[in-house]
Amino acid sequence: MSSLREVLAGPVLEVAPRLLGAVLTHGDVAVRLTEVEAYDGPNDPGSHAFRGRTPRNAAMFGDPGHLYVYFTYGMHHCCNVVCGPPGTPSAVLLRAGEVVRGAEIARSRRTSRSDRDLARGPARLCQALAIGLAENGADLTSGPLTLELGEQVTAVSTGPRVGLRGAPDRPWRFWESGAATVSSYRPAKRLPPAP
DNA sequence: CCTACGATCGTCT
DNA sequence: GACGATCGTAGGT
C-alpha cells in the first residue's frame with residue numbers, strides 16, 4: 001500500500017483520475033471529490049505555471065501533497081492538489097464534490113438552494129470547505145486539512161477542461177460518470193465570427 | 001432546461 | 001490596462 005505522497009508524486013494524468021472518490025477534509029466538513037482537472041505545468045498553455053514561477057503560483061513548484069490556492073474574478077477561490085515529481089509544477093484542480101460530513105456547517109457558508117450544489121463548482125467547493133489564501137501551500141498529510149484516497153472509482157468520464165481560452169482542448173477533465181454533483185459545463189467564451 | 005450579464009480585484013503585460 | 005481554471009441572478013424557451 002503506497003502512501004498518499006507517493007501516489008501524488010506520479011504523473012499528473014495518472015493522479016487526476018485517482019483523486020475521484022478521495023475525501024478532502026477541513027475541520028468538521030468533508031467533501032468526496034467527483035470532478036477534477038489536470039494541469040501539466042510547463043507543457044500546458046492552460047496552466048498558471050506555463051510562464052514560469054511567480055509569487056502567486058509558487059506553491060505549484062513545491063512538493064506534491066500540498067495545496068495551491070488562488071484568488072480569481074475578484075471574489076472566488078479555487079484550490080488544486082500539487083502533484084508530480086517534486087519541482088514539476090503540475091496540479092489537479094478540484095472542481096466539484098459531494099459534502100459527506102458537516103453539511104450543516106457547509107450550508108451556513110453558502111447561499112445555495114440545494115445540498116447538491118454545496119460543493120458543485122471549484123469556487124463553491126472552496127466556500128463549503130472554507131478554503132482561502134490562508135490555506136495556500138497547506139500540507140495535506142498533516143494538520144487541519146487532510147486528503148484521503150477512497151476506493152478507486154471505476155466509472156470515469158473525461159472531456160475538455162472548463163473556462164480556458166488560448167489552450168488547445170485536451171481531455172484533461174475527469175469526473176465520476178453519472179455523479180449528480182459534477183459541475184455544469186460552461187464552454188469558453190465563443191470567438192466573434194470571422195469577417 | 002437554457003443563455004446573458006454584472007460583480008470585483010489581484011496578477012501580469 | 002486587460003482579463004480571468006467563477007458564481008448567482010434574471011429572463012426566455
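In what follows, every heavy atom counts, from backbone to side chain, and hydrogens, waters and symmetry copies are set aside. By convention in this document, chain letters (A, B, ...) are assigned in the order of the sequence lines, proteins followed by strands, and residues within each chain are numbered from 1.
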Fill in: Protein-nucleotide distance (A:Asn57, atom CG; B:dC12, atom P), rounded to Å
7 Å

Item to complete: Flag the pair A:Pro89 / A:Phe50 as yes when at least one side-chain heavy-atom distance between them is below 4.5 Å, and no otherwise.
Response: no

Response to the item:
Note, DNA chain C 5' to 3' with Watson-Crick or G-U pairs under 3.5 Å encoded as ( ), [ ], | and . gives ||||.|||||||.

Worksheet item: Would a hydrophobic clustering, with Ile, Leu, Val, Met, Phe, Trp and Tyr connected at side-chain separations under 4.5 Å, put A:Val12 with A:Val69?
Response: yes

Discussion item. Distance check needed: B:dT13 P versus A:His48 NE2, whole Å only.
Written reply: 13 Å

Worksheet item: Which part of the nucleic acid, if any, lies within reach of A:Thr54 when heavy atoms closer than 4.0 Å are counted: base, sugar-phosphate only, or nothing?
Response: sugar-phosphate

Item to complete: Scan residues 74-101 of chain A for pairs that pass ring-ring contact (aromatic ring centres under 6.0 Å, His included), counting only residues two or more places apart or in two chains.
Response: A:Phe71-A:His77

Fill in: More than 12 heavy atoms from other groups under 6.0 Å of CZ on A:Arg107
yes

Worksheet item: Who are the side chain to side chain contact (heavy atoms under 4.5 Å, CB included) partners of A:Ala128, not counting sequence neighbours?
Response: A:Ala106, A:Arg110, A:Ala119

Worksheet item: Over how many whole Å does the gap from A:Tyr73 atom OH to B:dT11 atom P extend?
Response: 16 Å

Discussion item. Is any side-chain heavy atom of A:Pro144 closer than 4.5 Å to one of A:His26?
Written reply: yes

Worksheet item: First and last nucleotide of DNA chain C touching chain A, 5' to 3', heavy-atom cut-off 4.0 Å?
Response: C:dG4 to C:dT9

Worksheet item: For A:Asp139, does the CG atom have more than 12 heavy-atom neighbours from other residues, nucleotides or ligands under 6.0 Å away?
Response: yes

Worksheet, complete the sentence: Residue pair A:Phe71/A:Arg51 against DNA chain B: nearer the 5' end by closest nucleotide is A:Phe71

Fill in: Residues in contact with DNA chain B, drawn from residues 74-85 of chain A - heavy-atom cutoff 4.0 Å
A:Gly74, A:Met75

Worksheet item: About how many Å separate CG of A:Leu149 and CG of A:Leu8, when rounded to the nearest 0.5 Å?
Response: 6.5 Å

Discussion item. If the condition is salt bridge (charged side-chain N to carboxylate O under 4.0 Å, His left out), which residues does A:Glu35 pass it with, not counting sequence neighbours?
Written reply: A:Arg95, A:Arg173

Practice prompt. Select base, sugar-phosphate, or nothing to describe what A:Arg173 touches, counting heavy atoms under 4.0 Å on all strands.
Written response: nothing

Discussion item. Does this structure show an ion pair linking A:Glu98 with A:Arg32, if we count only N-O contacts that are shorter than 4.0 Å?
Written reply: yes

Practice prompt. Would you mind reporting whether A:Arg120 and A:Val182 have side-chain heavy atoms less than 4.5 Å apart?
Written response: no

